[in-house]
Amino acid sequence: MNVHSNLDTTDQKMTARGVSVYYGDKKAIDDVSIDIPTEYVTAFIGPSGCGKSTFLRTMNRMNDTIPSARVEGTITLDGEDIYKSGMDVVQLRARVGMVFQKPNPFPKSIYDNVAYGPKIHGFAESKSELDEVVEKSLRRAGLWQEVKERLDDSGTALSGGQQQRLCIARAIAVDPEVILMDEPCSALDPIATAKIEELIDELKGRYAIVIVTHSMQQAARVSERTAFFHLGKMVEYGRTSDIFTNPQETRTQDYITGRYG
Amino acid sequence: MSPAILLLLALGLGLAGWLAARARAWGFKRASEGKRLAALPTYHAWYVALWIVVPVIIFIAIWSAIAPQLIVNSVLASPAAADLPAFGMQRAQILSEARAAASGSTSAMFNPASRDFVEPFREAISRTNWIGIAATLAIALLGGIWSFLRLKPDFTARTRVERAVMVVLLLASLVAILTTLGILVSLVFETVRFFGMVDPWSFLTGTHWGPDPMANPDNPDPTRYGAIPLFWGTIYIGAIIAMIVAIPLGLMSAIYLTQYAKPSWRKWLKPALEILAGVPTVVYGYFAALTVAPVVRDAAVAIGISNASSESALAAGLVMGIMIIPFVSSMADDSIAAVPQAMRDGSLAMGATTSETISKVLVPAALPGIVAGVMLAISRAIGETMIVVMAAGAAANLSANPLEAMTTVTFQIVAMLTGEGSFDHPATLSAFALGFVLFMVTLGLNFVALRVVKRFREAYE
C-alpha cells in the first residue's frame, strides 16, 4: 500500500500508519502516516515543537525512556510491527541507530566509543576483528585520518564536529539499517556542518537515513524526500524538490517562504 | 557593672543613632525635591547604627578581658597590700575572698586579712565601672557623631552597609574554620606532651596495647603503648567489614533508585533510606550489641566455632556498614544522576540494555563521585565510636578473625579519657595522640575525596 500518491513506489524500509503520540494527556503527534524509503535521505522539517523529533524517537522506541509517553498506530520495519508485544527493543535499536542533537560521546577513549556497540552485541570474536570494525566505522564516518594516531584519547577531548562524527561512527559500528539523526548539526559551526552533510551524502544508499533539521537549506541540500510537520500533524510529504519549489499546502508554502517558524 | 549592661547601653545608643540618621536622611530627601538619594534612608540609619554599636562591642570585648586585672592591680597598689604574703595560695585566697565580699556575693570571710582589702576592692570596682561606662559613651558618641556628619544626599551608605554585611558573613564562616584549627592546635599540644613521655616510634609500630593508668607516670613502659592493634581494629571494622557491607548495598540501592525505581517509589524510598543517616549512633550501638552480636555468636557456634565471643568485630562492622549505607548511596545517587541523560540515551540508542548502560557507561562515568562517597563513608566509619564501644569489645587483639573481640582508636580514646589516670598521666595523654592520628587520617580522606569530586565536576561543565 502506498499512502503517498505523489511518489513512486520504492522499497519502503519503515512505514508508519496512523501514529499518534501522547505525553500524558497531551497529544504530541496526531495521526501521522509516512513511508521511509530504503535508498534515500528523508528530512523532517517544521517549526520548533511541531513534533518532528518526537516522531523520530518513536521510530526506534527511544520514547520508551519517557514514562508518560504513549504511542498509538503502527510503525513497521521491513514489514514487522516494532510496537508489537514481545518486540526486542535491544534488537530494534541495533537495526535502527540514532544520532543526537548534541554530540554525546561516552567519557571513554575514541576506540572504546566505537567498539561499545560491537562489544555489547557480540559482533567481534577477536581483538583484531574489533580493530577492523572500529577502523571501518571511523573511515566511513570520515574521522579515521584525524584520529588514527590517538585512538586512546578520550572521545570528549575532540572538537564538537569530530565528536558528532564519532557518534555517527559509533552508530555505524553496529551495522544498522536505518540511521535516525535528530538535528545532528544544530550544535556545530558551518564548517563542521558541511562535513556532516558530506558524510550523510556518502552514507546514502547504504543506510536509510532520516534527518530532523531546523534548517530548510540543509533539508534541501541533503535529502530526496521531505516531510513538513506542523502542530503535531504531518502537513505534506513529497520529493524535496517539489516541497521546496511547488508545495501543495499553503502552510508548507508559508513555512518555506519564512512567514512563520 | 557587667558587660551585658554596657551592651544594652550600646544597643540603646545605636537605636538612637538609627532613628536620628533616618530622620536626617528623610530630611535630605524632602529637601532634594524629588531627586534620588544615593541610598535609601534605612541604609543611612544602619550605617550610623553600625558605627555606634560595632566599636562599642569591640571595646566591651577588650574591656571585659582586662578589667579584672586592672582592679587587682589598683588594689595591690593600695597601702594595705604591703602586708600581703608575697606569693602562693594564701595570697590568692585573700584576694579572691576580699573580691567576693566587695562585689556582695558572699559575706563570710575565713581569713581575717581579707577584711583589709574589701574596701580597696570596692573602690577599685566602682572606679573601673565608671571608666567602662564613660569609655563606652565616649566611643559610641564619637562613632555616632563622626558617621552622622558624613551623611549627605549623595553619600553611598548602601555600599558601605553591604560591605559590613559581607564582613559579618565572612566572620561567621571563619568561626568554623578557626574552630577546626583550634581543635588541631589543642590536639597537637597534648600529643607533643605524650610523645615527650612515650617515643612516637614505639607508639606507631608497637603491637601491644595495654596502658596502665596506675603505673608511675614519670617512667612509662613504652612497650605497653603500641597502637598497631588499635589501628588494625579500626581499619578492619570501619574500612573493611563495614565497607564490604556498605559499598555493594549502597551502590545497588543508588542504581535502583536512579535507574529503575518509578518516581512514586523513589519519592518514598529515598527519604526512607536517608532516615538511616539520622538514627543516633547510640541506637545502632545497642542494636549491634543486643541483636546482631548474639546472632553472630550463635551462627558461629552453629558452624562449629565453640569459643565465639559475644563481642565481635563482625557484629560491629556489619552494623557500621548498615549505618554507612546512606552516605555511600546518596553520593552515588548524586553522581549517577549527574551523568547527562544524553549518555544514557546514547547507550540505549545503540541497543544496549539498561543494565549494560549502567555498568558500562553510567557507573564508569560516575566513578569518581562514587569513590569520593566511599572515602567520606570510610572517614565517617573510622571515627564512629558508639557502635564499637557497645559491640566490638575492649580487647586489643591483632587478629584477622572477624569473630574475635577487637578494639578501635575511638574506643580507646573514650576508655583512656574516662579512666582512673590523672590528667597528665601518659595513659590519659595517649588519647590525644590517638585522636591526632585519627584526625589526620580522616582529614586526609576528606581532602582526597573533595579533590576527586572537584575533578569529576569539571568533566561535565
Side-chain angles (χ1 to χ4, degrees), chain A residues 56-57 59-68 88-109 112-123 137 154-157 163-164 166-176 178-182 187, chain B residues 251 255-270 331-332 334-373 451-461:
Chain A
L56 191 76
R57 288 168 71 93
M59 295 173 67
N60 71 344
R61 294 189 57 173
M62 280 303 282
N63 271 350
D64 291 10
T65 61
I66 302 164
S68 65
D88 184 354
V89 183
V90 165
Q91 287 301 320
L92 169 71
R93 289 178 187 153
R95 292 172 68 191
V96 183
M98 190 162 198
V99 174
F100 294 85
Q101 188 167 356
K102 221 179 131 217
N104 59 346
F106 303 131
K108 298 170 180 283
S109 72
D112 286 339
N113 261 283
V114 182
Y116 182 75
K119 270 189 195 159
I120 58 175
H121 292 294
F123 277 10
S137 310
S154 173
T156 52
Q163 286 189 14
Q164 195 61 298
L166 179 62
C167 292
I168 293 173
R170 188 174 72 182
I172 291 172
V174 293
D175 206 16
V178 183
I179 300 177
L180 309 174
M181 297 187 176
D182 187 1
Chain B
L251 196 53
I255 288 171
Y256 175 73
L257 284 174
T258 54
Q259 303 301 321
Y260 290 97
K262 287 190 211 134
S264 55
W265 276 73
R266 183 179 160 87
K267 210 170 69 193
W268 277 97
L269 283 174
K270 203 168 151 61
M331 280 292 279
D334 287 351
S335 48
I336 290 174
V339 177
Q341 178 68 22
M343 293 293 151
R344 202 169 157 243
D345 283 353
S347 174
L348 292 174
M350 306 281 303
T353 62
T354 311
S355 65
E356 282 168 341
T357 301
I358 290 164
S359 65
K360 297 212 165 77
V361 176
L362 296 181
V363 170
L367 199 59
I370 294 169
V371 169
R451 289 289 292 264
V452 171
V453 169
K454 195 170 160 228
R455 190 182 294 173
F456 172 66
R457 292 246 164 83
E458 283 163 0
Y460 286 114
E461 277 162 2

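For the numbers below, each heavy atom of this structure counts, side chains included, while hydrogens, waters and symmetry mates do not. Residue numbering restarts at 1 for every chain, and letters A, B, ... go by the order of the sequence lines.
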If I measure from the heavy atoms of chain B, does [X] come under 4.5 Å with its side chain, its backbone, both, or neither?
{"X": "Lys108(A)", "answer": "side chain"}
{"X": "Val96(A)", "answer": "backbone"}
{"X": "Pro105(A)", "answer": "backbone"}
{"X": "Phe100(A)", "answer": "side chain"}

- Task: Working to the nearest 0.5 Å, report the span between CG of Asn104(A) and CG of Leu166(A).
- Result: 9.5 Å
- Message: Working to the nearest 0.5 angstrom, can you tell me the gap between Leu92(A) CG and Met62(A) CE?
- Response: 11.0 Å
- Message: Once salt bridge (Lys or Arg N to Asp or Glu O under 4.0 Å) is applied, do any residues pair with Asp345(B), and if so which ones, sequence neighbours excluded?
- Response: Arg57(A)
- If one checks every heavy atom of Ser347(B) against chain A at 4.5 Å, the contacting part turns out to be both
- Parallel, tilted or perpendicular: which fits the ring planes of Phe123(A) and His121(A), with parallel below 30° and perpendicular above 60°? tilted
Distance-only criterion, 3.5 Å: show the donor-acceptor pairs between side-chain atoms of residues 364-371 of chain B and protein atoms not counting sequence neighbours.
none

